[in-house]
**Q** 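Let me begin by handing over the structure; questions about it come next.
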Amino acid sequence: MFLTEPAPSQGDIRFRAFGFPVRVHPYFWLVTGIMGLNTGGEGTRPAELLAWVVVVFVSILVHELGHAFAQRHFGGHPWITLYGLGGLASCDDCDRSPRSQILISIAGPAAGFALAAICIALVRISGREIGWANIDQVSSATLHVPFVYRELYWEPLPTKMANMVLYQSLWINIFWGLINLLPIYPLDGGRVSRELFTLQHPRRGIVMSLQLSMAAAGTMALIGLLYWHSFFTAFMFGYLAYSNYQTLQAYRSNRW
């Protein structure tokens with residue numbers, strides 16, 4: 001999700017998934033665990049925290065595998081790193097054409113959407129109702145995940161843990177996937193917008209993409225602060241807006 005691959009550490013966990021080398025940096029577990037803590041009420045039970053970490057790990061790995069499979073398709077030999085707030089599928093030798101890079105960028109969120117679709121299919125196979133409805137149409141007897149003006153609802157599963165895992169899986173793979181498609185660099189949508197701008201305007205494309213990225217990130221920071229009341233969201237997108245501003249200034253200085 002973010003810019004650079006961290007240096008190897010003694011705490012790294014390494015394995016292969018579908019032939020791709022995968023490295024999990026210790027900060028991945030730390031940041032994911034902190035995000036899963038519930039500071040209110042009774043706090044977070046160890047089993048709930050473990051379930052959250054597993055869901056995030058699987059979801060981000062699937063996302064990065066989506067990128068990696070696309071990179072392999074376009075002739076590359078990618079490797080995956082999970083760290084901090086997300087992951088990175090790196091590739092030095094895949095096709096660098098705009099079409100290939102756009103498809104590679106989209107493949108990550110698409111893999112997450114596919115995982116969410118599998119979760120929904122499994123619920124339906126179990127004989128329980130699941131679907132989309134307007135917020136005011138959702139019965140209080142069902143569980144649901146809010147997505148702006150629509151709710152993804154389902155008949156409760158047998159256990160609280162199962163419902164929690166389903167909620168987290170749907171929320172991460174749908175909502176985070178949509179956020180990743182925003183035209184904010186270095187998110188996947190920002191990479192797509194940069195390729196499209198440079199394709200149409202080779203000289204000014206990077207400047208235009210950075211300007212759009214700054215505006216979109218600033219808007220999301222305000223939404224996070226004023227509407228979602230989330231300091232973390234406001235800080236994250238505020239940081240991305242500032243980072244893009246610095247990149248724009250550096251690019252202009254080097255160019256001119």
Side-chain angles (χ1 to χ4, degrees), residues 1-7 31 60 63-64 66-76 78-113 148 175-228 230-256:
M1 179 178 175
F2 286 101
L3 289 171
T4 58
E5 182 179 359
V31 174
I60 294 182
H63 178 103
E64 299 306 331
H67 291 310
F69 273 112
Q71 289 167 332
R72 177 189 283 173
H73 175 76
F74 290 111
W79 65 94
I80 294 171
T81 309
L82 304 187
Y83 65 102
L85 291 173
L88 187 66
S90 306
C91 182
D92 295 330
D93 55 354
C94 59
D95 183 15
R96 300 299 304 175
S97 70
R99 176 181 175 274
S100 299
Q101 291 302 306
I102 289 172
L103 291 175
I104 288 170
S105 296
I106 294 174
F113 296 149
V148 191
F175 182 75
W176 286 11
L178 292 173
I179 290 293
N180 232 325
L181 288 174
L182 292 174
I184 301 171
Y185 194 84
L187 304 183
D188 294 322
R191 296 177 185 274
V192 171
S193 67
R194 176 169 294 189
E195 294 292 340
L196 292 174
F197 274 119
T198 54
L199 186 64
Q200 296 296 323
H201 306 277
R203 294 186 177 183
R204 295 193 62 246
I206 292 181
V207 171
M208 296 169 67
S209 69
L210 287 170
Q211 289 172 335
L212 174 61
S213 182
M214 288 165 50
T219 300
M220 286 302 300
L222 291 175
I223 291 174
L225 185 63
L226 301 177
Y227 292 96
W228 295 345
S230 170
F231 176 78
F232 174 80
T233 301
F235 173 80
M236 181 181 73
F237 283 104
Y239 169 78
L240 289 177
Y242 179 69
S243 176
N244 278 273
Y245 170 76
Q246 287 187 312
T247 303
L248 178 60
Q249 295 303 107
Y251 179 77
R252 283 174 166 168
S253 297
N254 292 334
R255 183 182 174 190
W256 298 327

**Q** Counting heavy atoms not belonging to Phe74, are there more than 12 under 6.0 Å from its CZ?
**A**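 Enclosed.
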**Q** Is the closest side-chain heavy-atom distance between Leu240 and Pro186 below 4.5 Å?
**A**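 Leu240 vs Pro186: side chains touch.
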**Q** Do Ile179 and Met220 have side chains that approach each other closer than 4.5 Å (heavy atoms only, starting at C-beta)?
**A**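 Yes, their side chains come closer than 4.5 Å.
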**Q** Looking at Gln101, is its backbone amide N or carbonyl O close enough to the side chain of Ser105 to form a donor-acceptor pair, meaning the two atoms are under 3.5 Å apart?
**A**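 Judged by distance alone, yes, a pair lies under 3.5 Å.
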**Q** How close do Ala111 and Gly66 get, counting heavy atoms only, and between which atoms?
**A**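 Nearest pair, atom of Ala111 first, then Gly66: CB-CA, 3.8 Å.
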**Q** Measure the spacing between CZ of Arg191 and CD1 of Ile106 and express it to the nearest 0.5 Å.
**A**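 The CZ atom of Arg191 sits 13.5 Å away from the CD1 atom of Ile106.
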**Q** State whether Tyr185 and Arg194 meet the cation-pi test: NZ (Lys) or CZ (Arg) under 6.0 Å from the six-membered ring centroid, and within 45° of the perpendicular axis.
**A**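 Ring-cation test returns yes.
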**Q** Who are the side chain to side chain contact (heavy atoms under 4.5 Å, CB included) partners of Thr81, not counting sequence neighbours?
**A**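 Expected list: Glu5, Pro6, Arg23, Trp79, Tyr83.
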**Q** Check for me whether the distance between the ring centres of Phe113 and Trp176 falls short of 6.0 Å.
**A**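 No, the ring centres sit 6.0 Å or more apart.
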**Q** Residues in side-chain hydrogen bond (donor to acceptor under 3.5 Å, both in side chains) with Arg99, at least two apart?
**A**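 In terms of side-chain hydrogen bond (donor to acceptor under 3.5 Å, both in side chains), with neighbours along the sequence ignored, Arg99 is linked to no residue.
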**Q** Show the nearest heavy-atom pair for residues Gln71 and Ser90, with the distance to one decimal.
**A**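 Closest pair (atom of Gln71, atom of Ser90, distance): OE1-O, 4.1 Å.
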**Q** Listing request: all side chain to side chain donor-acceptor pair (under 3.5 Å) pairs with a residue in residues 215-225, at least two apart in sequence or in separate chains.
**A**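 Checked against side chain to side chain donor-acceptor pair (under 3.5 Å) - neighbours excluded - no pair reaches residues 215-225.
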**Q** Could you work out, with side chain to side chain contact (heavy atoms under 4.5 Å, CB included) as the rule, every residue matching Gln200, not counting sequence neighbours?
**A**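 By the side chain to side chain contact (heavy atoms under 4.5 Å, CB included) rule, Gln200 matches no residue at all.
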**Q** Measure the CD1-OG distance between Ile223 and Ser230 for me, rounded to the nearest 0.5 Å.
**A**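 The CD1 atom of Ile223 sits 12.0 Å away from the OG atom of Ser230.
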**Q** Looking at Leu82 and Ile80, what are the two nearest heavy atoms and their distance?
**A**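 What the structure gives for the nearest pair is CD2-CG2, 4.0 Å.
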**Q** Compare all side-chain heavy atoms of Leu212 with those of Phe197 and state whether any distance is below 4.5 angstrom.
**A**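 Leu212 reaches Phe197 side chain to side chain.
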**Q** Just to verify, what does Ser209 make a side-chain hydrogen bond (donor to acceptor under 3.5 Å, both in side chains) with, not counting sequence neighbours?
**A**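 With neighbours one apart ignored, the set is empty.
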**Q** Which heavy atom of Ala241 sits nearest to which heavy atom of Gly218, and what is that distance?
**A**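 Heavy atoms of Ala241 and Gly218 come nearest at CB-N, 4.0 Å.
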**Q** Considering only heavy atoms from C-beta outward, does the side chain of Leu103 approach that of His73 to under 4.5 Å?
**A**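 Answer no - side chains too far apart.
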**Q** Does some side-chain heavy atom of Asp188 sit less than 4.5 Å from a side-chain heavy atom of His63?
**A**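 A side-chain contact exists here, since the closest heavy-atom pair is under 4.5 Å.
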**Q** For Ala221, which residues count as a side chain to side chain contact (heavy atoms under 4.5 Å, CB included) partner, sequence neighbours excluded?
**A**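 Phe237.
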**Q** For Phe69, enumerate each residue passing the ring-ring contact (aromatic ring centres under 6.0 Å, His included) test, keeping only those at least two apart in sequence or located in another chain.
**A**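 ring-ring contact (aromatic ring centres under 6.0 Å, His included) check on Phe69 returns Phe18, Phe20.
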**Q** Sequence neighbours excluded, which residues qualify as side-chain hydrogen bond (donor to acceptor under 3.5 Å, both in side chains) partners of Tyr242?
**A**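 Applying side-chain hydrogen bond (donor to acceptor under 3.5 Å, both in side chains) to Tyr242 gives Gln246.
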**Q** When rounded to the nearest 0.5 angstrom, what distance separates OG1 in Thr247 from CE in Met214?
**A**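 Spacing of OG1 (Thr247) from CE (Met214) equals 10.0 Å.
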**Q** Hey, does Ile206 have a side-chain heavy atom less than 4.5 Å from the side chain of Thr198?
**A**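 Side chain of Thr198 against side chain of Ile206, heavy atoms only: contact under 4.5 Å found.
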**Q** What heavy-atom pair brings Pro78 and Ala68 nearest, and what distance separates the two atoms?
**A**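 Taking Pro78 first and Ala68 second, the nearest heavy atoms are CG-O, 3.5 Å.
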**Q** What is the minimum heavy-atom distance between Ile184 and Ala216, and which atoms define it?
**A**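 Smallest interatomic distance, heavy atoms only, reads CG1-CB, 3.6 Å.
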**Q** For Leu196, give me all partners under side chain to side chain contact (heavy atoms under 4.5 Å, CB included), at least two apart in sequence or on another chain.
**A**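 Leu196 satisfies side chain to side chain contact (heavy atoms under 4.5 Å, CB included) with Ile102, Val192 only.
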**Q** Who pairs with Asp95 by side-chain hydrogen bond (donor to acceptor under 3.5 Å, both in side chains), at least two apart in sequence or on another chain?
**A**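 With sequence neighbours excluded, Asp95 shows a side-chain hydrogen bond (donor to acceptor under 3.5 Å, both in side chains) to Ser97, Ser100, given in chain and number order.
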**Q** Taking the side chain as C-beta and beyond, is there a heavy-atom pair between Ile60 and Glu64 under 4.5 Å?
**A**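 In contact.
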